[in-house]
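Below, each value reflects all heavy atoms present in this structure, side chains not excepted, and no hydrogens, waters or symmetry copies. These numbers come from a predicted model, not from an experiment. Per chain, numbering begins at 1; letters A, B, ... match sequence-line order.
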2 protein chains.
Amino acid sequence: MAASPSTPLTVLPSALLPMVSVVETERADAARNRRRLLEAAQELVAEVGANQVTMEAVAAAAQVGKGTVFRRFGDRVGLMVALLDLNERTNQEAFMFGPPPLGPGAPPRERLVAFGEQRMAFAAEHKDVLLAAEACGSRRYEHPARAVLVLHVSALLREAGVEGDVELLTETLLGYLDVALLAHLRETRDLPAERLSAGWADLVRRVLPA
Amino acid sequence: MAASPSTPLTVLPSALLPMVSVVETERADAARNRRRLLEAAQELVAEVGANQVTMEAVAAAAQVGKGTVFRRFGDRVGLMVALLDLNERTNQEAFMFGPPPLGPGAPPRERLVAFGEQRMAFAAEHKDVLLAAEACGSRRYEHPARAVLVLHVSALLREAGVEGDVELLTETLLGYLDVALLAHLRETRDLPAERLSAGWADLVRRVLPA
DNA sequence: GCACGAAATCGGACCGCGGTCCACTTTGGC
DNA sequence: GCCAAAGTGGACCGCGGTCCGATTTCGTGC
């Protein structure tokens, strides 16, 4: 088991962070190295693709020791999660505070449909980083960004007055939006995006009360 | 990318194999080594747990070179899949040819409910091997045993006369039965098995027409 | 300002394991 | 018995992850 990394800025779902003042102080050199590492990682990912990027290469590109990478981000997955953080934050703000139908203001069903569309687009665009940021096994479900999604979907379900086990229905809905599943359906099974969208709308219709 | 392993006996879903006469001939020494490897692997898994078993240890225990293990099973996941094969076959026979409500004879909705129960029990019992037999990324959905499940569930959905996109509804239902998800819900989120069962029945109710 | 010491941080040698490679051996049809 | 094809095994590689002695940072006392 990896020692828990000292990554205070990404431990909590990023959209919730503005509410917290300062979680922890970080030494100047540590902060500088984190910045350099993230920059280097981003560049390398853009250059050769997420799953071709080795931890050693990131360390070298940031002119930092390998141990530092692991100290900062815990493991490979942690690094990828941190990389996604910025994009995820934009997404999160869109569905939490942005304009309808994604953001507040629209009825929950429309918001859910729009949420699914957004996730599917996001999954298509950042497929490789998202997959690289996904741990294996059940640890996959402990992804910090996922917690935000769970919160959001279950809130919408409750708001829509759905009867039944909201927690489990949330998992079912999010299951449909699983990055790996979507990638499989699109690429291996060759289902067009429109069909996946229609499937999502249909699923929402079946779960929510008329 | 791993070279495709020469594992004719596990390439196809095992429950469908009785219908095929002989897929390919395997040299005597190869067959002997496969048997020895599977025995050794089974023993080691029982001894120290699936994710503590190294490929080298399996090779050593079977008194075989490391390269042979990879030639036979392709990679670690392939070995675990082969290990599961026997148990999966029993399960498959149960829902394909066994007595109702799991097997044919009962109405499709009851069969679906029973199918979910069986999968959840199976997932709970063989959690670690199932997780070890699961590849990362979208490759996870190319698991041969999964194809049988997909076939079965979509057949039941069609038989029940569900309107909508059967293929996608099948994926949604199977998503609920994902081993990693179930493990997460049971262990990390501490949901009792009865609740998961109720959730499954509820989901089936929502998807199938009244 | 400055010296100092504890604590946090760094970095690269090191380890274990999954996976590849290829020269050598075995098999089995002829 | 011959020989092409199939199979073998262990040296080898790359990468993720750990460890620990060396180094830097920064609050403290002066």
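- A:Thr68 places no side-chain N or O within 3.5 Å of a backbone atom of A:Val64 that could act as its donor or acceptor partner.
- The distance from atom CZ of A:Phe73 to atom P of D:dG17 is 14 Å, rounded to the nearest whole Å.
- Look at CG on A:Asn51: it is 18 Å from P on D:dG14, rounded to the nearest Å.
- Residues A:Pro108 and A:Glu159 approach most closely at CD-OE2, 4.0 Å, considering heavy atoms.
- Between A:Phe115 and A:Phe95, the two ring planes are perpendicular [angle over 60°; tilted spans 30° to 60°].
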_Counting primed atoms plus P, OP1 and OP2 as sugar-phosphate and everything else as base, spell out the protein contacts along nucleotides 25-30 of chain C at 4.0 Å heavy-atom distance: B, S or - for each nucleotide, 5' to 3'._
-BSS--
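- Remark: the backbone N or O of A:Ala62 is paired with a side-chain donor or acceptor of A:Arg36 at under 3.5 angstrom.
- Atom CD in B:Glu56 sits about 14 Å away from atom P in D:dC12, given to the nearest Å.
- Regarding B:Phe70, its CZ atom lies at a distance of 17 Å from the P atom of D:dC13, rounded to whole Å.
- C:dT9 atom P lies 16 Å from atom CZ of A:Arg36, rounded to whole Å.
- Comparing D:dG16, C:dT9, C:dG18 by their nearest atom to the side chain of B:Met55 picks out C:dG18.
- Comparing B:Gln52 and A:Lys66 against DNA chain C, the residue whose closest nucleotide sits nearer the 5' end is A:Lys66.
- Residue-to-nucleotide proximity on DNA chain D shows that, of A:Val77 and B:Gln63, the 5′-proximal contact is made by B:Gln63.
- Rounding to whole angstrom units, CE of residue B:Met80 and P of C:dC17 are separated by 13 Å.
- Here the shortest heavy-atom pairing between B:Tyr176 and B:Arg195 reads OH-O, 4.4 Å.
- Between B:Arg139 atom CZ and C:dG19 atom P there is a gap of 8 Å when expressed in whole angstrom units.
- Checked by atom type and distance alone, the side chain of B:Gln118 pairs as donor or acceptor with a backbone atom of B:Asn91 at under 3.5 Å.
- The side chain of A:Asn33 places an N or O atom within less than 4.0 Å of a non-bridging phosphate oxygen (OP1 or OP2) of C:dC10.
- As rounded to whole Å, 16 Å separates atom P of D:dA6 from atom CZ of B:Arg34.
- Comparing D:dT8, D:dG16, C:dC10 by their nearest atom to the side chain of A:Arg71 picks out C:dC10.
- With a 4.5 Å cut-off on side-chain heavy atoms, B:Val162 and A:Arg206 count as touching.
- The shortest distance between the side-chain N/O atoms of A:Thr54 and the OP1/OP2 oxygens of D:dC15 is not below 4.0 Å.
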